[in-house]
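These notes concern the structure reproduced below.
No hydrogens, no waters, no symmetry mates; every other heavy atom, side chains included, goes into these values. When a ligand or atom number is given, it counts from 1 through the structure's own listing order.
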Amino acid sequence: MSEENAARDLRVVIIGAGMAGLLSAIELRKAGITDYVIYEKADRLGGTWRENRYPGIACDVPSHFYCYSFAPNPDWSHQFSPGAEIQAYFENVARTYGVDREIRFGEEITRCEFVDGRWRITTKGGSEDEADVVIAATGVLHHPNIPEIPGLETFEGSSFHSARWEEALPLDGKRVGVIGTGSTGVQIVSALVDRVAKVSLFQRTAQWVLRQENPAFSDAEKAAFRAHPEQIEAIREEASEMFAQGFANAVIDPDSEQLRGIEEACRQNLEETVTDPELRERLRPDYRAACKRLVISPDFYESIQKPTAELVTDEIERVEPSGIRTRDGRLHELDVIVLATGFRADRFMRPMEIISRSGKRLDEIWAQRPSAYLSISVPDLPNFFMLNGPNGPVGNFSLIEIAELQFGYIMQLVDMIRSAKCREISASAAATSNFDAERVEAAKSTIWTTGCRSWYLDDRGIPATWPWTFDRFREEMSAPDLDDYDCID
Ligand SMILES: Cc1cc2nc3c(=O)[nH]c(=O)nc-3n(C[C@H](O)[C@H](O)[C@H](O)COP(=O)(O)OP(=O)(O)OC[C@H]3O[C@@H](n4cnc5c(N)ncnc54)[C@H](O)[C@@H]3O)c2cc1C
């Protein structure tokens with residue numbers, strides 16, 4: 001190796017201490033890169049699972065699949081574990097791998113600028129840092145989407161977004177309104193219906209609900225997982241295969257047998273569980289299953305039929321000091337309003353200011369909408385890589401599996417920089433626009449375009465997701481095609 005080609009010691013800055021940021025730190029350390037730091041704007045790690053603490057929160061992919069491949073957990077309490085357990089899992093893994101000590105809490109990165117071959121980083125508190133490589137692990141479902149409902153600020157009870165739950169607020173015996181019928185709204189209704197005086201679910205769009213029981217693991221099962229880790233591995237492989245072949249193939253091919261199977265299961269759940277024909281029709285979506293993110297629940301339909309629950313389908317007109325007024329003139333008196341209204345999934349790393357090599361702001365680059373080559377790299381942002389970036393696989397998958405595959409790919413690019421094969425590497429503009437054009441074309445024939453409103457759709461109504469098979473995603477992530485990159489050595 002010539003002198004110019006000698007290995008470089010790299011300094012890496014990771015932004016965000018959620019699932020993906022922790023993964024990055026652990027993997028960097030395994031690869032022998034020890035000069036890294038994680039900046040986390042909050043005072044605790046965990047991202048999604050730190051922020052979302054509403055009653056009933058649980059993951060909706062199997063627990064043994066929703067964990068790192070290198071850190072199986074024999075102690076999950078349920079097949080689909082509650083959020084607090086997932087938060088504890090991430091805290092435990094971070095401690096075990098020693099990456100919790102590398103986190104700078106309470107430090108929000110507000111600016112990254114590429115100057116003279118390095119990233120210059122500024123935090124909200126005004127401190128500065130420099131890095132050869134930046135890994136943005138800032139999350140997709142992170143910025144709450146607050147709907148503009150007239151009068152919301154006049155409400156005299158408590159109102160908050162589901163990701164900002166007021167944990168000290170007593171709910172027993174209260175009248176609670178939940179706005180939004182996605183996975184979160186459904187989980188909250190099921191968790192509250194036996195505790196509160198009344199829970200009113202304000203539905204703009206009915207959802208298809210796939211029934212999925214959630215049994216607890218017995219002590220004997222947990223002991224067996226501990227004694228035979230290969231049992232966990234088998235569950236993981238089965239789940240991964242099931243999601244890849246069953247779910248991923250279903251969503252990209254609306255005529256597939258797999259999608260018909262999902263539709264039939266959802267329809268059966270509705271027909272067989274909801275006894276009142278009028279309620280059943282109000283709960284029946286007018287679009288195809290999996291067009292919106294599929295809601296998975298063991299008991300939503302039972303919950304919404306209880307005397308303490310009400311499904312409100314009249315449109316919300318405004319919020320008044322004592323409750324929500326619907327268009328039919330009725331005032332629904334409430335003590336608490338929960339906005340289960342999702343997230344601004346198009347924000348990604350923003351409002352962070354990112355200045356490219358040629359001096360362009362990311363907001364300009366993404367003026368129309370976010371895009372990135374393979375959702376990882378943006379032209380003119382050298383040595384800057386995203387996990388769970390724009391247009392990646394989303395939906396009812398384990399985002400951990402996705403982040404691990406993405407990180408394996410990113411690490412190969414980092415190695416190019418480390419081995420000084422490229423001092424600066426980023427996707428080429430041509431590869432990025434070809435990728436995007438191909439992606440948009442493929443997206444047009446997926447289930448997501450079959451006639452529903454969802455957070456997957458961009459401003460043109462094109463699904464901002466991975467529109468191909470999961471096998472293709474794995475294949476693409478196995479090794480970068482260096483012809484698609486600009487490499488300055
Ligand atoms: C209610 C809910 C349920 C979910 N259920 C599932 C599920 O069942 N299965 C599944 O696969 N996925 C699920 N998800 C998706 C979930 O977000 C991911 O699985 C995963 O937790 C994302 O991890 P992340 O590290 O990419 O992002 P996050 O967990 O969002 O972490 C990002 C971190 O970056 C920090 N950050 C952001 N910007 C900055 C900045 N400028 N400076 C410093 N720090 C910053 C944030 O504070 C945060 O801690 C769910 C999401 C939600 C909201």
Side-chain angles (χ1 to χ4, degrees), residues 13-25 37-54 56-63 65-68 79-83 86-87 89-90 94 103-112 121-125 129 134-145 161-165 180 182-188 212 214 239-240 243 247 293-296 340-345 347-354 362 375 386-389 392-404 406-407 455:
V13 159
I14 299 165
I15 312 174
M19 172 277 287
L22 298 173
L23 167 74
S24 307
V37 61
I38 309 178
Y39 283 90
E40 170 53 61
K41 65 182 175 180
D43 57 4
R44 212 175 150 194
L45 59 80
T48 288
W49 306 99
R50 173 197 72 233
E51 286 171 344
N52 290 267
R53 291 192 292 233
Y54 58 79
I57 181 168
C59 68
D60 61 11
V61 298
S63 309
F65 189 37
Y66 192 73
C67 57
Y68 298 123
Q79 196 164 354
F80 300 88
S81 291
I86 300 172
Q87 172 67 16
Y89 168 80
F90 285 122
I103 304 171
R104 296 212 186 139
F105 287 110
E107 295 238 44
E108 176 173 356
I109 294 189
T110 48
R111 185 179 163 91
C112 301
I121 289 152
T122 314
T123 70
K124 198 172 192 171
D129 201 343
V134 174
I135 296 178
T138 50
V140 187
L141 304 180
H142 176 60
H143 298 284
N145 178 41
H161 188 271
S162 52
R164 301 286 181 270
W165 198 269
S183 304
T184 292
V186 161
Q187 288 179 338
I188 293 172
Q212 178 68 63
N214 188 13
S240 174
F243 280 96
F247 187 75
R293 187 178 194 275
L294 207 55
V295 174
I296 314 250
T341 43
F343 298 87
R344 294 283 315 274
R347 299 301 294 152
F348 292 102
M349 312 174 273
R350 295 170 293 175
M352 193 161 60
E353 195 175 20
I354 296 170
L362 183 68
S375 77
M386 284 175 287
L387 284 162
N388 293 322
V394 287
N396 300 67
F397 296 109
S398 165
L399 272 192
I400 301 188
E401 184 184 32
I402 289 161
E404 286 192 3
Q406 289 175 329
F407 192 84
W455 62 265

State the CD1-CD1 distance between Ile121 and Ile15, to the nearest 0.5 angstrom. 6.5 Å

Quick check on side chain to side chain contact (heavy atoms under 4.5 Å, CB included): which of Ile109, Val13, Asp129 does Arg104 satisfy it with? Asp129

Centroid separation Tyr54 to His161 less than 6.0 Å: no

Less than 3.5 Å apart, N/O on ligand 1 and N/O on the protein: could you list those pairs with the distances?
from: ligand 1; atom 1: 8 (O); to: Asp60; atom 2: N; distance (Å): 2.7
from: ligand 1; atom 1: 8 (O); to: Asp60; atom 2: OD1; distance (Å): 3.0
from: ligand 1; atom 1: 11 (O); to: Phe397; atom 2: O; distance (Å): 2.9
from: ligand 1; atom 1: 11 (O); to: Leu399; atom 2: N; distance (Å): 2.7
from: ligand 1; atom 1: 17 (O); to: Thr48; atom 2: OG1; distance (Å): 2.6
from: ligand 1; atom 1: 19 (O); to: Tyr66; atom 2: OH; distance (Å): 2.5
from: ligand 1; atom 1: 21 (O); to: Trp49; atom 2: NE1; distance (Å): 3.2
from: ligand 1; atom 1: 21 (O); to: Tyr66; atom 2: OH; distance (Å): 3.1
from: ligand 1; atom 1: 25 (O); to: Met19; atom 2: N; distance (Å): 3.1
from: ligand 1; atom 1: 25 (O); to: Ala20; atom 2: N; distance (Å): 2.8
from: ligand 1; atom 1: 26 (O); to: Asn388; atom 2: ND2; distance (Å): 3.2
from: ligand 1; atom 1: 29 (O); to: Thr48; atom 2: N; distance (Å): 2.8
from: ligand 1; atom 1: 29 (O); to: Thr48; atom 2: OG1; distance (Å): 3.3
from: ligand 1; atom 1: 41 (N); to: Ile109; atom 2: O; distance (Å): 3.0
from: ligand 1; atom 1: 42 (N); to: Ile109; atom 2: N; distance (Å): 3.0
from: ligand 1; atom 1: 44 (N); to: Lys41; atom 2: N; distance (Å): 3.1
from: ligand 1; atom 1: 47 (O); to: Glu40; atom 2: OE2; distance (Å): 2.7
from: ligand 1; atom 1: 47 (O); to: Arg50; atom 2: NH2; distance (Å): 3.2
from: ligand 1; atom 1: 49 (O); to: Glu40; atom 2: OE1; distance (Å): 2.6
from: ligand 1; atom 1: 49 (O); to: Glu40; atom 2: OE2; distance (Å): 3.2
from: ligand 1; atom 1: 49 (O); to: Arg50; atom 2: NH1; distance (Å): 3.0
from: ligand 1; atom 1: 49 (O); to: Arg50; atom 2: NH2; distance (Å): 3.3

Take the angle between the ring planes of Phe243 and Phe397 and call it parallel below 30°, perpendicular above 60°, tilted in between. tilted

Option passing salt bridge (Lys or Arg N to Asp or Glu O under 4.0 Å) with Lys124 (candidates Glu108, Glu353, Glu107): Glu108

Using modelled atom types only, decide if a donor and an acceptor are shared between the side chain of Gln87 and the backbone of Glu51 within a distance under 3.5 Å. no

